[in-house]
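To keep things clear, I will list the structure first and then write my remarks on it.
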Amino acid sequence: MTTPLTAEQEASLIAAIQQAERTTSGEIRVHLEDTCPTPEPLDRAAQVFAELGMHKTAQRNGVLFYLAWKTRQFAVIGDAGINATVPDDFWETTKEAVLEQFRGKQLAAGLARGIQLVGEQLHRYFPYDAATDQNELDDSISYGPSTSPPRP
C-alpha cells in the first residue's frame, strides 16, 4: 500500500480544495488509487463519484479528480449542475492543464492546478453565499483499496 503523494503534498492539496471552496458553494474531491479496475477511467470516476455521495449536493455542483497513478489513468468529472453551466470545452482544457503537469512528473502540482481552475469556474457559476453555504462534502483525499494515505 503506497501513495504517490507525500504527507506535505496531501496537506497542500487539501488546502487547495479548501481555498477553492471558500469562494463557491461547489464541492471538490480528489480520489487516488494505484490501478483503475475499469477499462475507462471516466467510468471508474463515475463509480467513485457515486460511492462518495457527490451527487447529493444541493446544487449538484460537485467535481471529482480521479487518478489511478500506477496505471497512469486520470479523469475529472462534474455533476449535472456544473456540467450544465461550464463551457463545452471546460473539462477537456482542465484535464489537459493537469496532464501537462503530470507529464513533468508533478502529480501534486497538476492536481492543484486542476483544483484552481475548477474553483474559478465554480465561483463564477456557483458563488459562495454566507447565509446558505455549508461544506457538504469532506475535503480530504480519498483512497482506493490498495492505496493508502501518506504517513506524516
Side-chain angles (χ1 to χ4, degrees), residues 1-37 41-42 44-79 81-82 86 90-130 132-152:
M1 291 190 195
T2 58
T3 177
L5 301 176
T6 65
E8 294 79 20
Q9 289 170 323
E10 182 183 73
S12 177
L13 287 174
I14 292 169
I17 290 167
Q18 292 168 339
Q19 177 64 35
E21 288 182 358
R22 280 190 188 101
T23 64
T24 178
S25 64
E27 298 290 334
I28 301 169
R29 295 288 316 258
V30 172
H31 182 83
L32 302 176
E33 51 192 19
D34 59 356
T35 60
C36 182
L42 199 54
R44 176 62 178 151
Q47 289 174 346
V48 172
F49 195 95
E51 289 169 9
L52 295 174
M54 294 186 67
H55 59 288
K56 296 179 182 177
T57 60
Q59 296 184 342
R60 303 287 307 265
N61 56 2
V63 176
L64 176 68
F65 289 87
Y66 169 82
L67 174 62
W69 60 279
K70 281 187 178 178
T71 53
R72 303 177 80 178
Q73 293 168 287
F74 172 73
V76 58
I77 63 169
D79 207 346
I82 187 72
V86 294
F90 175 70
W91 299 114
E92 191 59 33
T93 58
T94 300
K95 181 180 172 182
E96 280 306 311
V98 173
L99 290 175
E100 183 178 324
Q101 295 294 315
F102 285 3
R103 287 182 195 107
K105 302 194 186 308
Q106 301 294 319
L107 295 181
L111 290 168
R113 178 67 179 135
I115 290 165
Q116 177 192 9
L117 292 170
V118 164
E120 290 168 2
Q121 289 297 311
L122 286 170
H123 170 69
R124 181 175 179 190
Y125 297 107
F126 300 95
Y128 176 78
D129 181 347
T132 61
D133 191 58
Q134 61 181 359
N135 192 8
E136 296 178 87
L137 298 174
D138 191 344
D139 296 332
S140 67
I141 296 171
S142 60
Y143 291 90
S146 59
T147 302
S148 59
R151 296 176 192 218

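Values in this document were obtained by computation on a predicted structure and should not be read as measured data. FYI, the numbering just counts along the sequence from 1.
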Partners meeting side-chain contact (heavy atoms from CB on, under 4.5 Å) with E21 (sequence neighbours left out): I17, E27, I28, N135, D139

Between S25 and D129, do the side chains contain a donor N or O and an acceptor N or O under 3.5 Å apart? no

Start with the C-alpha gap between H55 and F49, add the side-chain angles, then the distance that decides, and say whether side-chain contact (heavy atoms from CB on, under 4.5 Å) holds. CA-CA 7 Å; H55 59 288; F49 195 95; 4.1 Å; yes

Would E96 and R113 satisfy salt bridge (charged side-chain N to carboxylate O under 4.0 Å, His left out), going step by step from the backbone distance to the final call? CA-CA 10 Å; E96 280 306 311; R113 178 67 179 135; over 6 Å; no

Kindly indicate, with the supporting measurements, whether the criterion side-chain contact (heavy atoms from CB on, under 4.5 Å) is fulfilled by F74 and L111. CA-CA 10 Å; F74 172 73; L111 290 168; 4.1 Å; yes

Spacing of R29 atom CZ and F65 atom CZ [to the nearest 0.5 Å]: 13.0 Å

Apply side-chain contact (heavy atoms from CB on, under 4.5 Å) to the pair T93 and L117, showing each step before the final yes or no. CA-CA 9 Å; T93 58; L117 292 170; over 6 Å; no

Polar contact flag, side-chain donor to acceptor under 3.5 angstrom, Q73-Y66: no

Looking only at heavy atoms, which two atoms of A75 and A45 are closest? And how far apart? CB-CB, 4.0 Å

Side-chain heavy-atom pair V76, V98 within 4.5 angstrom cut-off: no

To the nearest 0.5 Å, what is the distance between CG on L137 and OG on S142? 10.5 Å

Have a look at E120 and tell me which of Q116, R124, H123 forms a side chain to side chain contact (heavy atoms under 4.5 Å, CB included) with it. Q116

Search all heavy atoms of A112 against all heavy atoms of L13 and return the closest pair with its distance. N-CD2, 3.6 Å

Quick one: do T24 and Y125 satisfy side-chain contact (heavy atoms from CB on, under 4.5 Å)? Show the steps, please. CA-CA 8 Å; T24 178; Y125 297 107; over 6 Å; no

Just wondering, more than 12 heavy atoms not from Q47 lying within 6.0 Å of its CD? yes

To the nearest 0.5 Å, what is the distance between CD on Q9 and OG1 on T3? 8.5 Å

Give, for atom CD1 of I141 and atom CG of L5, the distance between the pair rounded to the nearest 0.5 Å. 5.5 Å

Which of D133, T57, I82 passes side chain to side chain contact (heavy atoms under 4.5 Å, CB included) with F126? It is I82

Once salt bridge (Lys or Arg N to Asp or Glu O under 4.0 Å) is applied, do any residues pair with D79, and if so which ones, sequence neighbours excluded? R60

Between V30 and I115, is any pair of side-chain heavy atoms under 4.5 Å apart? yes

Find the distance between CE (M54) and CG (N61) and round it off to the nearest 0.5 Å. 9.5 Å

Under the 3.5 angstrom rule, does the side chain of R44 hit a backbone N or O of P37 as a donor-acceptor pair? no

If you take all heavy atoms of C36 and P41, which pair is closest and at what distance? SG-CA, 3.8 Å

